[in-house]
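Everything below concerns the one structure shown next.
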Amino acid sequence: VRLVGSEMCIRDRRASRRLDILVADAPEFPAHGDRRRVLGGTPGQPNTVHTSDGLPPFVQDFVHEPARPSSLDEVTVSARVTGDAAIAAVSLHYEIYRAPFPYEAPVQTGDLDMLRGEGNIYEATLVPRPSQTLVRYRIEASDVLGRSWIYPDEQELSPHRSYWVYDGEQDTELPAYFLIFSREAFDKLNQNVLSKDTVEATLIADGIVYDHIQTRYRGCRKCPKKSYKVKLNRHELLRDMNRLDLNADWPIAEKVGYNMFWMVGESNLGTELVRLVRNGEYAGVMLALDSPNGSWARRRGLSEDIELYKAREGGNIPGVGSFSQSLNYFPDHPEAYPRVYIKRGDSLGSFQTLIDFTRDLSELSGATAAEYLDAHVDVDSWIRRVTVHQIQGYCDFHVKNYYVLRTPDPGARWNVLFFDIDGYWGATMGGFDCRGCEDITPFCSGNVVNVRFIGSHLEENHGRPKAGQDAKCELLH
């Protein structure tokens, strides 16, 4: 096992879940990335990469210049190569991919000798390529004792370095995103469009290649224009994001919807309209938006240990029944929480804070409930965010498509965050009955926090409690 930086990553291939193990005093081996997959372990036996002959050369500080080449540019690849023994040879192995996409195999492969310059830097230059060409490369270094290694290692999350040749010929003022699949991966993606299993792909955004990423369809799976969920490798960031969604349904209307939160001073997901080219063909305008997790919290100046729960579409336990995701309390079935919510901060951690929150919402009443809400919920912010939804006549809300979140800081309070808001402006949902109180649907389900807000308001201002749709309409009026 080679430890890279201060962390070692183990990938459970059956569960498709990554487990990061912190190794406090790991040596700082110079290699690409900050994590390495360990596959095919041999517990109780000698390690499969064990050697008594010493370590091969190390390659670090990969660079290709220019970073965003055009079809007129030569590209110089350089890297620093060091070792315990004198370096005998350094070679650049490259693969060329061009349309038609999805690709079956590279259209060309080749090798170049890399020449030594100053400070153990080795260089090789690749000739210009036509626009919309994907170039992948690896570097092999060997020493005078016959030891050699190829970097990036084949077990890396991204076993190549890559660049994209592009002349900017897409006629758009929007950022151009390119999504490229192999034939095998693309066929697998379309064999079952409802599957949540990801396939490997390449994303080019802002002219930079994010290679060997994972993606799948999301949202409307039967629509001709598909939406995508994109997961970058952990050591790669696109504008400080390592995962994002590309939404196809009504992207401009949804963009306006997200912007309205920011207009009233309430943060929400960051969004960007982009032009997507999939496998060389224009796929339409998409709304690219970030996907909340620990790194998302860090970018917002919050703790990565944030309590962040995503509401699913409901959960079912065979032989027990169904459970809603409206912050109801399940005292006899704590096992229902992971079926109803996805924990996106510490994904392997306990659901206890959410269980406690739903318990208190359920059991407290009267003045005690009001004091609890003031102390544990950011009431003003929550109401402003709900109000933005109601003003825009949103139907698909609090049944799913929301997060509840709270930082671990002392005195921190719960808040709500909305996503997938393509149902704004009423008619966009097509087939949904978005008529409610004077053609505005204030709520589609009795989310417990909202019900408490409504009940407290009506009792305080009208001297009587109401329930159901009448109470919700009266609150809006």
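Values in this document were obtained by computation on a predicted structure and should not be read as measured data.
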Query raised in the report: Within 45 degrees of the axis of the six-membered ring of Tyr282 and under 6.0 Å from its centre: does Arg275 put its NZ or CZ there?
Result: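 Relative to the ring axis of Tyr282, which defines the angle, Arg275 lies inside both limits.
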
Salt bridge flag under 4.0 Å for residues [X] and [Y]:
X: Arg298; Y: Glu304; result: yes
X: Arg300; Y: Asp290; result: yes
X: Lys255; Y: Glu272; result: no
X: Arg136; Y: Asp211; result: yes

Report task. Would you please classify the geometry between the Phe178 ring and the Tyr166 ring as parallel, tilted or perpendicular, with 30° and 60° separating the classes? Result -> perpendicular

Query raised in the report: Got a sec, which pairs hit disulfide bond (SG atoms under 2.5 Å apart) with one end in residues 63-118, sequence neighbours left out?
Result: none

Query raised in the report: Of all residues at least two apart in sequence or in a different chain, which pass the ring-ring contact (aromatic ring centres under 6.0 Å, His included) check with Tyr341?
Result: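 Scan of Tyr341 (ring-ring contact (aromatic ring centres under 6.0 Å, His included), adjacent residues dropped) gives none.
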
For the residue pair [X] and [Y], confirm or rule out a side-chain donor-acceptor distance under 3.5 Å.
X: Asn247; Y: Glu254; answer: yes
X: Tyr94; Y: Asp111; answer: no
X: Glu74; Y: Thr125; answer: no

Query raised in the report: How far apart are the C-alpha atoms of Glu307 and Lys343, what are their side-chain angles, what is the distance that settles it, and do they pass the salt bridge (charged side-chain N to carboxylate O under 4.0 Å, His left out) test?
Result: CA-CA 8 Å; Glu307 296 285 346; Lys343 191 168 186 183; 3.6 Å; yes

Query raised in the report: With Tyr122, which of Ile87, Val59, Leu115 fulfils side chain to side chain contact (heavy atoms under 4.5 Å, CB included)?
Result: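 That would be Ile87; it is the only one of Ile87, Val59, Leu115 passing the side chain to side chain contact (heavy atoms under 4.5 Å, CB included) with Tyr122.
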
Query raised in the report: Hey, does the side chain of Arg138 reach the backbone of Pro159 with a donor-acceptor pair shorter than 3.5 angstrom?
Result: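 Such a contact is found between Arg138 side chain and Pro159 backbone.
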
